[in-house]
Participant: 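The structure that follows is given in the form of structure tokens.
In each ligand, atom 1 is the first atom listed, and ligand 1 is the first ligand listed.
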Amino acid sequence: MTDERRAELAAALAELQERIAAACAAAGRRPDEVRLLPITKTFPATDVALLAELGMTEFGENRDQEARAKSEELRGLVQGPPPRLHMIGNVQRNKARSVLRWASVVQTVDSPRLADALAKAVAAARDAGERDGPLEVLLQASIDGDPARGGSPLPELADLADRVARSEQLSLRGVMTVAPRDWEPARAFAALAETAGKLLLDHPNAVEISAGMSQDLEAAIAHGSTLVRVGTSLLGGRRLASL
Ligand SMILES: *Cc1c(COP(=O)(O)O)cnc(C)c1O
């Protein structure tokens, strides 16, 4: 069973890496400019461990409870340094402290209130001796400004970036987005790239552009993505459509 799954994941990973390399070549970018972030939500810790054996070091998860349990399980499954987990789902402010226990990066900071809640939780964790440094964060951008699906409207991102940058508890690393469903992906990622370029002028460390998923990673890579978040094309279909 494990051997079968390992072979399946190895084949899917090789195919995906070729796809990413081809997209980089088409965009005139070097393949090492784009990292792959496997999105392992709904899949078991054993899949994460197999991907770690295949060389993956960072993974994305979208639910606090699930990710926290998985990260604990991973301690017994993965040799060497523990994988870095990225929170790519909506963070409830009252869960900030819990998310810190497993997430190395929070990609979904989309409001001053959430930034403040995370900063406060980091300060408390540092006071308690549970962590050393600040938390790496990406700002989640809403390209179409529809608040229903998370993300900060583009015109508000500059203020949010300044607020995060002022916090000693948070380290601003870049931006993240999910292309709106009814938009052409290239148009959405071009808008993100423009915003990211402006932010970079004031925040030279905010270099990460987390954009592109199974369906649209080519368009994202063409528009400057540095981190593609891929679930389905690597791990297979998820049972629950909403996840
Ligand atoms: C689930 C998810 C992904 C991965 O989507 P796939 O289509 O399965 O590749 C990427 N980003 C976010 C924010 C997600 O929730």
Participant: Under the salt bridge (Lys or Arg N to Asp or Glu O under 4.0 Å) definition, can you give me all pairs with a residue in residues 82-108, not counting sequence neighbours?
Facilitator: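 Of all non-adjacent pairs touching residues 82-108, those that pass salt bridge (Lys or Arg N to Asp or Glu O under 4.0 Å) are Glu58-Arg84, Arg84-Glu136, Arg97-Glu130.
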Participant: Using 4.0 Å as the upper bound for N to carboxylate O, is an ion pair formed by Arg126 and Asp132?
Facilitator: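 Salt bridge flag = no for Arg126 with Asp132.
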Participant: Just by distance, with hydrogens left out, do Gln140 and Thr108 show a side-chain donor and acceptor under 3.5 Å apart?
Facilitator: no
Participant: Is there at least one pair of N or O atoms, one from Gly231 and one from ligand 1, spaced under 3.5 Å apart?
Facilitator: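 Min N/O separation from ligand 1 is below 3.5 Å for Gly231.
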Participant: Would Glu61 and Thr40 count as having a side-chain donor-acceptor pair, cut-off 3.5 Å?
Facilitator: yes
Participant: Under 4.0 Å from any heavy atom of Thr232, which atoms of ligand 1 are there?
Facilitator: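 Listed by number with element, the hits are 6 (P), 7 (O), 8 (O), 9 (O).
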Participant: Is Arg238 near ligand 1, meaning one of its heavy atoms is under 4.0 Å from it?
Facilitator: yes
Participant: Which atoms of ligand 1 have any heavy atom of Val230 under 4.0 Å away?
Facilitator: 9 (O)
Participant: Strictly by side chain to side chain donor-acceptor pair (under 3.5 Å), give each pair with a member in residues 144-155 just once, sequence neighbours left out.
Facilitator: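 Qualifying pairs: Ser142-Asp144.
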Participant: Looking at ligand 1, is there an atom of it that comes within less than 4.0 Å of some heavy atom belonging to Gln215?
Facilitator: no
